[in-house]
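Okay, structure first, notes after.
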2 protein chains.
Amino acid sequence: MEEEGATTVSSRVLAQRVGTTAAQVRKDLSLFGTFGTRGLGYEVRSLRERLREILGLAQEWPIALIGAGRIGSALFEYPNLRRRGFEIVTILDRDPRKIGRSWDGVRIRSIDEVGEVIERLRIKVALVAVPASEAQGVVDRLVGCGIRGILNLAPARLRVPDGVTVNEVDLALELEVISYALGARGTVPGEIRQDVTSDP
Amino acid sequence: MEEEGATTVSSRVLAQRVGTTAAQVRKDLSLFGTFGTRGLGYEVRSLRERLREILGLAQEWPIALIGAGRIGSALFEYPNLRRRGFEIVTILDRDPRKIGRSWDGVRIRSIDEVGEVIERLRIKVALVAVPASEAQGVVDRLVGCGIRGILNLAPARLRVPDGVTVNEVDLALELEVISYALGARGTVPGEIRQDVTSDP
DNA sequence: TACCTTTTGTGAAGGTTTTCACAAACTCGT
DNA sequence: ACGAGTTTGTGAAAACCTTCACAAAAGGTA
């Protein structure tokens with residue numbers, strides 16, 4: 001919206017863009033303080049800035065990529081991560097044939113160096129892209145070295161201690177969600193919705 | 001559990017495995033019918049079979065992969081999709097240098113053939129892995145050809161008509177969720193939980 | 001068969017989230 | 001400076017979801 005030249009935006013327009021209702025937008029924002037001006041709406045630039053603060057996106061996050069296979073490679077080349085403030089600053093793998101190579105200037109290191117690297121680069125978040133069978137072991141080591149957040153792409157349910165945040169992405173599961181939605185003949189609880197705003 | 005030799009399982013054990021409560025498991029299942037035997041629990045094999053039916057996973061789903069770039073390639077090689085009943089049976093791209101090549105026996109075709117291919121192979125679900133700027137255009141064509149479900153990996157918000165199911169996966173967004181969770185000083189609504197069962 | 005144990009299925013209670021609706025606060029044009 | 005027109009922030013109501021708790025139904029045992 002900033003790039004489109006808008007200086008101000010209403011809850012109704014925001015809701016339309018993100019697919020929810022105006023009341024929801026206002027309630028959600030109100031949980032963090034008061035952002036808008038009555039009769040006018042929200043000032044785009046300052047709203048953006050305050051949301052960035054709240055979401056913890058005012059800083060750059062250095063990321064460790066664990067697993068230099070197909071998926072790891074695709075993630076590394078994915079330009080969107082960097083654009084959104086997440087930079088993969090180290091790559092760790094187990095395979096001796098990969099260790100020592102570089103991707104675009106970033107050395108692939110042995111997973112055994114995990115502690116040293118994480119401390120030196122002050123890494124708090126890791127992207128785990130290893131086979132499912134190795135995921136739990138890798139995660140245990142990461143947590144042991146002080147990693148606080150993990151985005152897990154391996155189709156494995158991970159156990160982590162309190163205080164560590166795990167977010168799982170399982171593409172097969174996402175396809176299963178679609179499969180269920182398509183199969184739902186008639187009306188079944190849990191149908192996929194595509195909401196549109198409606199406020200006076 | 002079937003592989004582990006269990007023939008029967010209680011709601012409590014199921015809950016532990018998936019990270020919820022026994023009551024929740026029972027309520028959820030009860031929405032679709034009655035599955036268990038009082039005093040004994042659920043028969044593993046038949047529960048699995050009925051859940052597969054409900055989720056629409058009793059069939060194999062042929063999938064169209066749109067976009068033969070890095071991400072498309074990683075998806076294609078991702079063994080988990082096939083294991084879970086989703087098989088990529090055609091690959092479509094726009095780049096003439098890629099069209100005509102094959103990945104593991106699957107020809108990369110021109111996006112212009114989309115209608116013909118989808119009809120011939122009876123494809124209902126597509127995996128969209130194209131740049132964000134092209135996503136909406138591609139999706140419009142897919143929907144026009146009768147695609148009913150889309151798993152979108154492009155970081156773009158898609159508009160589709162009613163009756164088409166879209167599921168978006170945005171890795172940067174998932175990292176932002178972690179960023180927020182780590183930043184949350186003290187207790188803030190929406191904290192990440194790691195539930196464990198507790199039932200008498 | 002009778003009784004004890006286990007575990008489901010499910011109303012009711014409790015809790016959370018979303019929507020409604022409106023006073024208060026602001027802008028803008030005159 | 002004033003009045004008409006917007007739009008926020010938010011209590012209250014409605015909707016939704018989860019947990020509780022227990023009768024009912026089964027298996028096992030003697």
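Each chain gets a letter, A, B and so on, in the order its sequence line appears, and its residues count up from 1. Only a predicted model underlies this, so the values are computations on that prediction, with no experimental measurement involved.
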Taking only N/O atoms, report every protein-nucleotides 28-30 of chain D pair under 3.5 Å with atom names and distance.
none

Identify the pairs formed between an N or O of the protein and an N or O of nucleotides 10-17 of chain C at a distance under 3.5 Å, and give each distance.
| residue | atom | partner | partner atom | Å |
| --- | --- | --- | --- | --- |
| C:dG11 | O6 | B:Lys27 | NZ | 3.2 |
| C:dA12 | N6 | B:Lys27 | NZ | 3.3 |

Would you list the atom pairs, donor with acceptor, under 3.5 Å between side chains in residues 50-60 of chain A and any protein atom, with sequence neighbours excluded?
| residue | atom | partner | partner atom | Å |
| --- | --- | --- | --- | --- |
| A:Arg50 | NH1 | A:Thr34 | O | 3.3 |
| A:Arg52 | NE | A:Glu49 | OE2 | 3.4 |
| A:Arg52 | NH1 | A:Leu57 | O | 3.4 |

Under 3.5 Å donor-acceptor pairs involving side-chain atoms of residues 134-143 of chain B, not counting sequence neighbours:
| residue | atom | partner | partner atom | Å |
| --- | --- | --- | --- | --- |
| B:Glu134 | OE2 | B:Arg94 | NH2 | 3.3 |
| B:Gln136 | OE1 | B:Arg159 | N | 3.0 |
| B:Gln136 | NE2 | B:Asp140 | OD1 | 2.8 |
| B:Gln136 | NE2 | B:Arg159 | O | 3.1 |
| B:Arg141 | NH1 | B:Asp112 | OD1 | 3.4 |
| B:Arg141 | NH2 | B:Asp112 | OD1 | 3.1 |

I'd like a table of donor-acceptor pairs (distance under 3.5 Å, sequence neighbours excluded) in which one partner is a side-chain atom from residues 82-92 of chain B, with atom names and distances.
| residue | atom | partner | partner atom | Å |
| --- | --- | --- | --- | --- |
| B:Arg83 | NH2 | B:Asn80 | OD1 | 2.4 |
| B:Arg84 | NE | A:Glu176 | OE2 | 3.1 |
| B:Arg84 | NH1 | A:Asp170 | OD2 | 3.4 |
| B:Arg84 | NH2 | A:Asp170 | OD2 | 3.1 |

Expected list for residues 117-132 of chain A: side-chain donor-acceptor pairs under 3.5 angstrom, two or more places apart:
| residue | atom | partner | partner atom | Å |
| --- | --- | --- | --- | --- |
| A:Arg120 | NE | A:Glu116 | OE2 | 2.8 |

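Sequence neighbours left out, not one pair with a member in residues 111-146 of chain B passes ring-ring contact (aromatic ring centres under 6.0 Å, His included). For residues 87-112 of chain B, the pairs satisfying ring-ring contact (aromatic ring centres under 6.0 Å, His included) are B:Phe76-B:Trp103, with sequence neighbours left out.
Across the interface with DNA chain C, nearest-nucleotide mapping of A:Asp28 and B:Gly39 shows B:Gly39 to be the residue nearer the 5′ end.
Rounded to whole angstrom, the span from the CD atom of A:Glu43 across to the P atom of C:dA25 amounts to 21 Å. Whole-Å rounding puts the A:Phe35 CZ to D:dT8 P distance at 13 Å. Computed from coordinates, the B:Phe32 CZ to C:dT8 P distance equals 18 Å when rounded to whole Å. The CG atom of A:Leu29 sits 16 Å away from the P atom of D:dT7 (whole-angstrom rounding).
Qualifying side-chain hydrogen bond (donor to acceptor under 3.5 Å, both in side chains) partners for A:Glu4, counting only residues two or more places apart in sequence or in other chains: A:Arg17. In this structure, B:Arg148 has no salt bridge (Lys or Arg N to Asp or Glu O under 4.0 Å) partners at least two apart in sequence or on a different chain. In this structure B:Arg38 satisfies the salt bridge (Lys or Arg N to Asp or Glu O under 4.0 Å) test with no other residue, sequence neighbours excluded.
The phosphate of C:dT6 (OP1 or OP2) has no side-chain N or O of B:Tyr42 nearer than 4.0 angstrom. The shortest distance between the side-chain N/O atoms of B:Thr37 and the OP1/OP2 oxygens of D:dA26 is not below 4.0 Å. Note on B:Ser11: a side-chain N or O is less than 4.0 Å away from OP1 or OP2 of C:dT8.
Under the 4.5 Å side-chain heavy-atom criterion for grouping Ile, Leu, Val, Met, Phe, Trp and Tyr, B:Val169 is connected to A:Ile178 within one hydrophobic cluster.
Heavy-atom distances under 4.0 Å link DNA chain C to no residue of residues 47-56 of chain B.
Proximity of A:Phe35 to A:Ser11: side-chain heavy atoms (C-beta onward) are nowhere separated by under 4.5 Å.
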